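Inspection log for the structure reproduced underneath, given as structure tokens.
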Amino acid sequence: MSMTAQITALYHYPIKSFAGIAVERLAFDSAGPVDDRRWMLVNAKGRFVSQRDMPELANFGVQSQGDGYRITAPDGDYRNLIRGVASTAPITVTVWKDDLDGWEVSSELSAWFSDKLGKAVRLVYLGTESERRVPDAAALDHERVGFADGYPLLLCNQSSLEGLNERAGVELDVRRFRPNLVVSGLPMDQELELGRLTLADGHLQLLKPCERCSIPAVDPDTGVYQRAVATALKEHSRFNGKTIFGMNAVARGVSELRVGDSAQLASAD
């Protein structure tokens, strides 16, 4: 049995763990949505930093402009991030268990972030030469991901969010869950069943329910960690004994997604 869903919101996140940008369309390349988690901050050992250990990252603004982005610090100071600018020699960076190449964008930008955060960090870019396979046995050999935790796409279902809010007695904004796409028209939690979302020019393969960390408990507008939200999620967003919200996915044969697109969700065979 198939069900019709409609895409109601799309987001991409240029810098890993920073604010996302709502868009009307998402274009794709070999590593997922264009400019999604293609930059990230790393510590002195080259390991990624995120809102898990630095919730204040949520307080940096990210806006599209020209050939890149404007990054605004909490104090109003800003710098421009130009797409594709990188040093000539890569450094080894780590995302969870994966080591891969990253290129420092500039020493000036790294110093700026270090000053604003009070911690030594470097801003690195994925580039086109670094490849990281999607860490899932059901992924195809050629499927790649950038600096995202593991998958190039995260889907959230609006009715699942409404159900969670009703069960938990809270009003959580979907931005807390950092989706790439939000859909309506599906029954609550229907997305957690493995399957595919078929579009006009391909499909999204739903590979794995997303196990949630502490980031959804960080208010995306203030950068404040809210323990009550973390408790509500643990108590009211459970699936197979884990705290789950949303589905990790890959795009197959899809050139772009658009707000308003309809798609058919079919369960896995």
Side-chain angles (χ1 to χ4, degrees), residues 6-41 48-52 54-86 95 102 105 109 112-113 116-117 123-127 145-158 161 172-184 204 210 215-216 218-223 245-251 254-261:
Q6 184 177 51
I7 298 174
T8 56
L10 293 167
Y11 300 88
H12 73 108
Y13 306 83
I15 307 178
K16 182 178 178 66
S17 222
F18 280 59
I21 299 174
V23 294
E24 290 297 310
R25 59 183 289 274
L26 278 182
F28 287 79
D29 62 20
S30 60
V34 172
D35 276 4
D36 188 70
R37 280 93 165 188
R38 303 304 169 89
W39 292 266
M40 71 176 177
L41 293 180
F48 79 98
V49 299
S50 75
Q51 289 183 35
R52 296 171 182 86
M54 301 185 74
E56 61 268 33
L57 296 180
N59 292 325
F60 285 76
V62 183
Q63 295 86 33
S64 296
Q65 64 165 28
D67 56 354
Y69 301 92
R70 172 170 288 190
I71 313 301
T72 306
D75 63 4
D77 191 15
Y78 68 88
R79 290 293 185 275
N80 294 323
L81 175 61
I82 306 302
R83 184 181 292 105
V85 174
V95 181
V105 176
L109 268 176
W112 184 77
F113 279 110
K116 300 303 180 184
L117 292 168
L123 180 68
V124 298
Y125 179 62
L126 182 69
V145 61
F147 290 142
D149 278 355
Y151 295 80
L153 282 173
L154 178 69
L155 176 149
C156 288
N157 179 0
Q158 182 63 34
L161 178 64
L172 301 181
D173 190 304
V174 75
R175 290 181 299 136
R176 288 179 179 264
F177 300 97
R178 303 178 65 78
N180 292 108
L181 69 154
V182 181
V183 299
S184 65
L204 307 182
C210 184
I215 290 179
V218 176
D219 187 321
D221 294 317
T222 66
F245 191 84
M247 280 294 293
N248 292 301
V250 293
V254 176
S255 60
E256 71 172 18
L257 300 175
R258 296 168 295 272
V259 171
D261 280 353

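For reference, positions follow the sequence shown, starting with 1. Just so you know, these numbers come straight off a predicted model, no measurement behind them.
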Any chance you could measure [X], atom [atom1], to [Y], atom [atom2], to the nearest 0.5 Å?
| X | Y | atom1 | atom2 | answer |
| --- | --- | --- | --- | --- |
| Leu257 | Phe28 | CG | CZ | 4.0 Å |
| Lys116 | Asp77 | NZ | CG | 4.0 Å |
| Arg70 | Leu81 | CZ | CG | 12.5 Å |
| Leu41 | Ser17 | CG | OG | 9.0 Å |
| Asp219 | Leu172 | CG | CG | 10.0 Å |
| Ile71 | Arg79 | CD1 | CZ | 11.5 Å |

Go through Arg178 and Gln51 one step at a time and tell me if the side-chain contact (heavy atoms from CB on, under 4.5 Å) criterion holds.
-> CA-CA 12 Å; Arg178 303 178 65 78; Gln51 289 183 35; 3.6 Å; yes

Plane angle bin for Phe60 and Trp112 - parallel if under 30°, tilted between 30 and 60°, otherwise perpendicular = perpendicular

Do you know which two heavy atoms are closest between Ala19 and Pro14, and how far apart they sit?
->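 Answer, listing the atom of Ala19 first, then Pro14: O-CD, 4.4 Å.
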
Identify the heavy atoms of Leu153 and Pro33 that sit nearest to each other, and give their distance.
-> CD2-CG, 3.7 Å

Determine, step by step, whether Phe113 and Phe18 satisfy the ring pair (Phe, Tyr, Trp, His ring centres under 6.0 Å) criterion, reporting the C-alpha distance in whole Å, the side-chain angles of both residues, the deciding distance to 0.1 Å, and the verdict.
-> CA-CA 12 Å; Phe113 279 110; Phe18 280 59; 5.8 Å; yes

Electrostatic pair Asp149:Arg37 at N-O distance under 4.0 angstrom =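 Salt bridge: no.
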
